[in-house]
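Encoded as structure tokens, the structure appears first; notes follow it.
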Amino acid sequence: MKLPNYVSGEWKEGAGAGEPLVDPVTGEELARISSQEIGVAGALEFARSHGGAALRQQTYRERAEMLGKVAEVMTANRDEYFRISLLNSGATQADASFDVDGAIYTMKYYAKIGKALGESKMLKEGGVLSLSKTGEFAAQHFLAPSKGAAVFINAFNFPAWGLCEKAAPALLSGVPILAKPASATAWLTHRIVEDIVKAGILPAGTISILCGSARDLLDHVSESDIVSFTGSADTAMRIRGHENILRRSVRVNVEADSINSAILGPDAAPGTEIFDSFVKEVVREMTLKAGQKCTAIRRVLVPRQQFQAVGEAIAARLSSTKVGNPRNPEVKVGPVVNKTQQAACFEGLRRLKQESEVVFGGDEKFQPIEADVQRSSFVQPTLLACKNGLDAKYVHDVEVFGPAATLVAYDSLENLIAIARRGLGSLVVSVFSNDPGFVQNVVLGIGDLHGRILVVDSSVGNQHTGHGNVVPSCLHGGPGRAGGGEELAGLRALLLYHRRFVVQGPSGRLAELAGLSADTSLFYS
Ligand code: NAP
């Protein structure tokens with residue numbers, strides 16, 4: 001079976017033999033994909049001229065309603081998405097839910113908040129600014145939907161959520177989308193797009209999918225388009241530095257890899273509720289989706305006096321966690337996505353071991369439950385320990401994209417802040433402590449280098465949304481190494497798909513000149 005691409009409003013099979021998609025447990029081939037000879041220049045032009053034009057005829061409320069229908073279609077096909085996640089990603093039920101249910105929730109969220117933007121087709125930003133003594137001459141800022149296409153180049157670990165967290169704000173904004181999922185897990189994204197197309201909810205040209213290598217895609221993006229990338233820092237650099245992107249100043253949003261941390265406060269001793277909740281969260285982050293989450297905890301920063309106790313507590317939980325074929329309902333940790341990722345994890349762990357000791361796991365010959373070691377792509381959950389955080393290099397730099405984390409001891413607040421900052425910019429850090437002074441110092445010390453800070457104390461208990469859980473109402477993205485991009489954060493996400501301009505002119509007619517009725521929603525003040 002070769003999965004066809006959907007471009008210019010029709011399904012087209014790529015040329016050649018294509019690349020295989022495999023089951024990471026059995027190693028069996030599931031399908032093939034090819035983007036060869038697809039003609040992306042024409043696909044983008046069709047999206048801009050047909051999809052964009054049709055979307056911009058609609059109001060925000062109408063587009064929000066469309067998102068609601070997309071969510072309904074996805075909900076109806078949820079079981080099939082779980083089946084594909086199991087086959088192509090080796091996902092357990094919990095892993096598949098994180099991706100698929102997260103995708104549906106995000107779609108529903110934007111369907112809901114989009115309605116509040118009402119019947120307008122463009123947005124005012126802020127109020128009227130007087131520019132003259134009498135106030136007759138004034139200015140108004142506006143946000144208009146870009147007349148280009150949104151190109152999504154996504155990572156393999158979130159084939160459903162990765163599509164929807166970008167598609168929902170883009171479509172709500174009135175911008176057509178072309179999705180290029182990561183090759184390894186393109187099947188699920190393909191199936192979602194197929195379901196949406198079949199349901200006939202979106203106008204022609206509004207949604208396209210290219211499965212396989214990006215090839216010359218970036219040669220054809222224009223100044224009106226938006227490239228939203230999620231993946232590794234190395235690929236991000238290549239995309240940012242692409243000649244056409246640079247020459248035409250194409251807007252690029254990057255969500256890249258990140259060495260996220262979890263911090264245990266000095267007040268949290270073994271036996272306390274906060275200590276247990278910290279250990280539980282670290283293990284959850286290491287094991288959910290076999291650690292293949294951009295937000296996963298990679299560095300576990302603990303006071304030196306608790307170094308051993310935390311290591312023992314995490315190791316105890318890991319030792320009772322079943323790893324293997326996700327078809328077995330007792331299994332909590334499945335494989336990584338393929339042999340290439342497995343080899344990359346082993347290579348990363350070898351480097352980390354140069355400056356850390358193994359507390360748990362780390363066996364490359366580890367035998368998973370009900371899986372053939374030769375054919376499958378498992379990585380044993382592995383906890384390492386690094387006693388001298390500031391002397392270490394790899395701990396702050398090497399992202400093992402699998403079920404692995406490193407414990408790092410800290411000696412003082414200053415030492416902790418210096419260690420955390422060595423991540424050079426992360427998506428998320430979590431702080432577990434009942435000492436408000438300590439938490440405040442940490443937030444002030446590292447907040448500028450983190451997109452999100454999760455604070456857990458006893459008053460929050462187990463009500464927090466989780467270190468690795470990205471909620472659509474809050475910002476997702478981080479500075480520096482994390483890519484410097486910004487996604488979600490409710491309606492703020494729409495900014496990426498709009499262009500800001502200001503009209504200076506007769507004060508009473510500014511909105512009318514921009515083609516708006518007086519009651520247009522105020523979006524951003
Ligand atoms: P990747 O190798 O960088 O690939 C990401 C995407 O870029 C894929 O669709 C890939 O296509 C495409 N690509 C590769 N080279 C390209 C080029 N020269 N031009 C245009 N597109 C190109 O990343 P991955 O291995 O799929 O994903 C894992 C990484 O993503 C991890 O490092 C993880 O931390 C990061 N991630 C970050 C976030 C976040 O929100 N910050 C979320 C999830 C994952 P092919 O697959 O066809 O090569």
Side-chain angles (χ1 to χ4, degrees), residues 6-9 43-71 106-125 140-152 163-179 193 196-197 199-209 221-228 250-253 472 486-503 511 513-517 519-524:
Y6 188 69
V7 290
S8 307
L44 285 171
E45 196 38 50
F46 188 86
R48 293 180 200 115
S49 58
H50 288 70
L55 282 174
R56 288 193 305 276
Q57 286 299 313
Q58 302 181 348
T59 64
Y60 290 98
R61 186 192 54 73
E62 287 169 332
R63 295 195 292 257
E65 264 173 24
M66 234 164 35
L67 298 186
K69 289 181 188 154
V70 168
T106 303
M107 206 39 95
K108 282 186 180 162
Y109 172 83
Y110 276 97
K112 190 171 161 204
I113 65 166
K115 280 190 196 141
L117 295 175
E119 302 304 327
S120 55
K121 296 179 180 171
M122 203 204 282
L123 300 163
K124 277 196 260 181
E125 186 187 45
Q140 170 73 60
H141 286 84
F142 295 94
L143 296 164
S146 292
K147 291 189 176 171
V151 174
F152 303 153
L163 169 72
C164 292
E165 58 116 15
K166 293 182 200 297
L171 293 173
L172 180 59
S173 298
V175 178
I177 61 174
L178 184 148
V193 171
I196 295 171
V197 170
I201 301 164
L202 302 177
T206 306
I207 189 163
S208 309
I209 184 167
V221 291
S222 77
E223 53 288 336
S224 301
D225 297 332
I226 299 105
V227 174
S228 183
V250 179
R251 212 179 247 200
V252 178
N253 191 73
E486 292 197 351
E487 288 183 336
L488 300 173
L491 290 175
R492 290 178 191 87
L494 273 60
L495 287 175
L496 182 62
Y497 305 101
H498 284 72
R499 278 286 169 185
R500 174 180 290 117
F501 65 91
V502 61
V503 176
L513 288 172
L516 289 178
S517 61
D519 63 349
T520 299
S521 321
L522 197 75
F523 165 57
Y524 212 66

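The chain is numbered in sequence order, starting from 1.
- Salt-bridge check for R492 with E486: failed, with every basic side-chain N at 4.0 Å or more from each acidic carboxylate O.
- Within the 4.5 Å cutoff, no side-chain heavy atoms of S120 are placed close to those of R61.
- At least one side-chain heavy atom of L488 sits under 4.5 Å from a side-chain heavy atom of T106.
- Inter-residue side-chain proximity for I226 and S146 is flagged as met; some heavy-atom pair is nearer than 4.5 Å.
- Among all heavy-atom pairs drawn from P203 and A54, the shortest one is CB-CB, 3.6 Å.
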Evaluate K166 against E487 for side-chain contact (heavy atoms from CB on, under 4.5 Å), listing each step before the verdict.
CA-CA 8 Å; K166 293 182 200 297; E487 288 183 336; 2.7 Å; yes
Applying side-chain contact (heavy atoms from CB on, under 4.5 Å), run through I209 and I177 and close with a yes or a no.
CA-CA 8 Å; I209 184 167; I177 61 174; over 6 Å; no
Just do the side-chain contact (heavy atoms from CB on, under 4.5 Å) check on H50 and T206 with the steps written out, would you?
CA-CA 7 Å; H50 288 70; T206 306; over 6 Å; no
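- R63 contributes a side-chain N or O that, together with a main-chain N or O of L55, makes up a donor-acceptor pair within less than 3.5 Å.
- Ring planes of Y60 and H498: parallel class, angle under 30° (limits at 30 and 60°).
- Closest approach of S8 and A43 over heavy atoms only: OG-CA, 3.5 Å.
- When each of L513, V503, V502 is tested with F142 by the rule side chain to side chain contact (heavy atoms under 4.5 Å, CB included), just one qualifies, namely V503.
- With contacts defined as side-chain heavy-atom distances shorter than 4.5 Å, the pair M66/Q58 qualifies.
- The side-chain heavy atoms of R56 and K121, taken from C-beta on, include no pair separated by under 4.5 Å.
- Summarising the geometry, atom CE belonging to M107 is positioned 4.0 Å from atom SG belonging to C164; distances are rounded to the nearest 0.5 Å.
- Tested against L143, the residues E125, K124, M122 include a single side chain to side chain contact (heavy atoms under 4.5 Å, CB included) partner, E125.
- Here the closest heavy-atom approach between residue S173 and residue P145 is recorded as O-CB, 3.1 Å.
- For the residue pair L495 and R500, the shortest heavy atom distance occurs at CD2-NH2, 4.2 Å.
- Y110 has its side chain within reach of L494: a pair of non-hydrogen atoms, C-beta onward, lies under 4.5 Å apart.
- With hydrogens and angles disregarded, no donor-acceptor distance shorter than 3.5 Å links the side chain of D225 to the backbone of A150.
- What you find for G114 and L172 is that their closest heavy atoms are CA-CD2, 3.6 Å.
- Considering only heavy atoms from C-beta on, L163 comes within 4.5 Å of V193 through its side chain.
- Although no hydrogens or angles enter the test, the distance criterion places a donor-acceptor pair under 3.5 Å between the side chain of E62 and the main chain of T59.
- The shortest distance between side-chain heavy atoms of F152 and S228 falls below 4.5 Å.
- In this structure, CD1 on I196 lies 7.0 Å from CD1 on I201, to the nearest 0.5 angstrom.
- Of all heavy-atom pairs spanning A149 and L44, the tightest one is CB-CD2, 4.1 Å.
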How far apart are the C-alpha atoms of Y497 and R251, what are their side-chain angles, what is the distance that settles it, and do they pass the side-chain contact (heavy atoms from CB on, under 4.5 Å) test?
CA-CA 9 Å; Y497 305 101; R251 212 179 247 200; over 6 Å; no
